[in-house]
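Notes for the one structure printed next.
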Protein chains: 2
Amino acid sequence: MSGERHPSCLVAKLSYYTDLSEEDEGYLAMLEKDEQKFSASSVVYASEVRGQNLYVVKSGWLFSYIMLTDGRRQILKVYHPGDVIGFPDIAFDRTTSDLQAAGEVCLCPFPKKELDVIFSKSPRLTALLFSLSARDQVILLDLLRALGRMSAIERLAYFLLDTQAKLRVTCHDLTDTFRLPLTQTEIGDLLGLTNVYVSKSLGRLEEDGLIERKQNAVRILKEAELRRQVDFFDRYNTLDTSWFPQPGQPR
Amino acid sequence: MSGERHPSCLVAKLSYYTDLSEEDEGYLAMLEKDEQKFSASSVVYASEVRGQNLYVVKSGWLFSYIMLTDGRRQILKVYHPGDVIGFPDIAFDRTTSDLQAAGEVCLCPFPKKELDVIFSKSPRLTALLFSLSARDQVILLDLLRALGRMSAIERLAYFLLDTQAKLRVTCHDLTDTFRLPLTQTEIGDLLGLTNVYVSKSLGRLEEDGLIERKQNAVRILKEAELRRQVDFFDRYNTLDTSWFPQPGQPR
DNA sequence: CGCCTTCTTGAATATTATCAAAGAACGTGG
DNA sequence: CCACGTTCTTTGATAATATTCAAGAAGGCG
C-alpha cells in the first residue's frame, strides 16, 4: 500500500529472520487483508468456542488465558504487534483459551483453512511458520521453568527481561525503558502470583536498584545482573533456518 | 517388517487421527530407520549443544528438563512411545533443554534436515506434524495453568489424569491402573514441588480414597471426580484435521 | 544379606496468599 | 478543568501452603 519496505508487521517480523520471495509475501498479505478493531478489555474470543480463525496482531497488546471453574485465572501468553495468535489451537476444533485485549487493538483475522494454500504451495514459508510456533513453545517452556522453580522476584525479573527482549525485535531502538500496559493483577495471573505480591516484589526490585518505574513504564537498570540471576536466554534474536527447504523449487 | 498393520508406533499413533497415504507412511518410515538404545538415567543430549536431531520414541519413558545454575531443575515434558521429541528446538541451532531416559529406552534419531523432504513433498503430512506440535503446546499450557494456579494436590491429580489420558492413546485397553516409572523427586520437578511434598500430597490423595498405589503403579479410583476438581480436558483423543490440504494433489 | 536409592514422617521455617483499608491514578461527565 | 467514581496500587497484619532439614523405613539390586 504505502511506499514502505514492509507494509505489514508480520512480513517485517518474518523477513527479520529469512528472505521472503515475492510470492511468499503475497501469501502473507492474504492473511492480513481483513482488519478488526477491539476496544480495551474486550474479549476477542472465549474458550470452548468453534475457533476457526487465527489472528495477526496489527497494533496493541493482548493476552490469552484459561479460567478454572472457581475463578482462578492463568494468563498463558502476552501478544504484541507482529505476533500470530492461534497456532496452538490449530490442532483442535474449539479454542482452548480465552483471548482478551489489554488496550485498544487492531487484529487481522483469517480462517485457519487458508493455511492450506501456504502448506501446499510454499514449503519454505510453511517451515517458517512451523519455526515460529516451535519458538513460541520454547518461550513457554521458559515460563514454565519460571513458575515451577523461581521465587516471586525472579519470576518478575524474568518477565521484564522477556518482554524487553521481545519488544526489541520490532522496535530496534528500544534500550532500557518500555511501557507495560498490564495491571499487576494480570502480571500476577501470568506468573502465578497474587496482585498484592506482585506489588511487593516490584517494590523490592526497585528498592534494590535493579529497576525503576514511572507511571506504567519500566526501566531496567541492571540488565546484565538480572539476566544472570534468572539465567536468561534471548529466544527472539535468531531463528535456525538452515534446515528449511530451498526456495527456487517451489511446487 | 512384520506382518502387523503398523510396524511403527509413530505410524500407529498418527493414523489414529487421519488416513495416511502409502507415500506418507514411507516418509515416516524413513524417520525411524535408525535405532539407538539408552540405559536407565542416561542423558540422551544436554542443553546448549548443537542439536540437529529429532527422535521418535520406540520404547520407554524419557523426560526433558532445564536446570537453573544453582541446581534447581524444571522437568518440561515426559515422553512415551510414539512421541516425537524435538519439535520445539527446531527453531534453534542448539538444544534448549536436556533429555534423560527414565528407564531403558529405544529411540529413532533423525536429522531435522530430513523434514524438508516432508515439507516439500507432502503438505498433508506436514500439517499433521504441525498439529502434533501445536497440540504439545496446548498440553504445555495446561501444565502451565497447573503450576501457576493449582495447589499441590490438584497438580498431582492433574498429572495423573494427564498421564492416564496420554497412555490410553496407544494402549486402548488401559482402564484405571498404570505403571509410573518416575521418582517422586522427578514428579516434583515437573510440578514445581519438592519430593517431600509430593509424598505427602500423594498420601493425602490415597487417604481420601481418590487413588490407590502399589509399588510404582497408580490406580485412579474416582476419575470423574478428579477430572471435575481440576477441570480436566483430554487433549489426546481428537485432532482437528478438517483444514488439512487435501491429498490426491501432492507435489 | 547388605547397600543404596527412594519414600515417609515430623518439626521448624520460609514464602506467598488472604484480608482489609487507605492512597494514587485514571477516565468521565458535568 | 474540576469533581467524582472507578480501578489500580500500596501497605500492614494474619493465615495458609509448601520448603527445609533430619532421621528412620521400605524397597530394589547385586
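So that the names make sense, note that chain A is the first sequence line, chain B the second, and so on, each numbered from 1.
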Residues in residues 199-209 of chain A with a heavy atom under 4.0 Å of DNA chain D, by number, are Ser199(A), Lys200(A)

Taken to the nearest whole Å, CG/Asn216(A) to P/dC26(C) is 7 Å

Look at the side-chain N and O atoms of Tyr197(A) and state whether any lies under 4.0 Å from the OP1 or OP2 oxygen of dT16(C). yes

Atom CD of Glu104(A) and atom P of dG27(C) are separated, to the nearest Å, by 11 Å

(message) With a 4.0 Å cut-off on N to O distance, would you call Glu154(A) and Arg72(B) a salt bridge?
(response) yes

message = Strictly below 4.0 Å, N to O, side chains only: are Asp89(B) and Arg94(B) in salt-bridge contact?
response = no

Winner on side-chain proximity to Thr194(B), out of dT9(D), dT19(D), dA18(D), is dT19(D)

Lys166(A) bridged to Asp162(A) by N-O distance under 4.0 Å: no

To the nearest angstrom, the CG-P distance between Leu193(A) and dA18(D) comes to 14 Å

Is Arg213(B) touching bases, backbone alone, or none of the nucleic acid, heavy atoms closer than 4.0 Å? sugar-phosphate

Here the residues of residues 182-191 of chain A within 4.0 Å heavy-atom distance, strictly under, of DNA chain D are Thr183(A), Gln184(A)

Val196(A) near the nucleic acid: base, sugar-phosphate alone, or nothing, with a heavy-atom cut-off under 4.0 Å? base

query = Does Phe232(A) have Arg227(A) sitting over its ring (NZ/CZ under 6.0 Å from centre, angle to axis within 45°)?
reply = no

Atom CD1 of Ile153(B) and atom C1' of dA16(D) are separated, to the nearest Å, by 13 Å

- Query: Looking at Arg149(B) and Asp189(A), does any basic side-chain N land under 4.0 Å from a carboxylate oxygen?
  - Reply: yes

To the nearest 0.5 Å, atom CZ of Arg179(B) lies from atom CG of Asn216(B) at 5.0 Å

Taking only Lys NZ, Arg NE, NH1 and NH2, and the carboxylate oxygens of Asp or Glu, determine whether Lys13(B) and Asp83(B) approach each other closer than 4.0 Å.
yes

Leu147(A) atom CG is separated from dA18(D) atom C1', nearest whole Å, by 16 Å

- request: Would you check if there is a donor-acceptor pair between the side chains of Ser39(A) and Glu104(A) at a distance under 3.5 Å?
  value: no

Sequence neighbours excluded, the answer for ring pair (Phe, Tyr, Trp, His ring centres under 6.0 Å) partners of Tyr158(B) is none

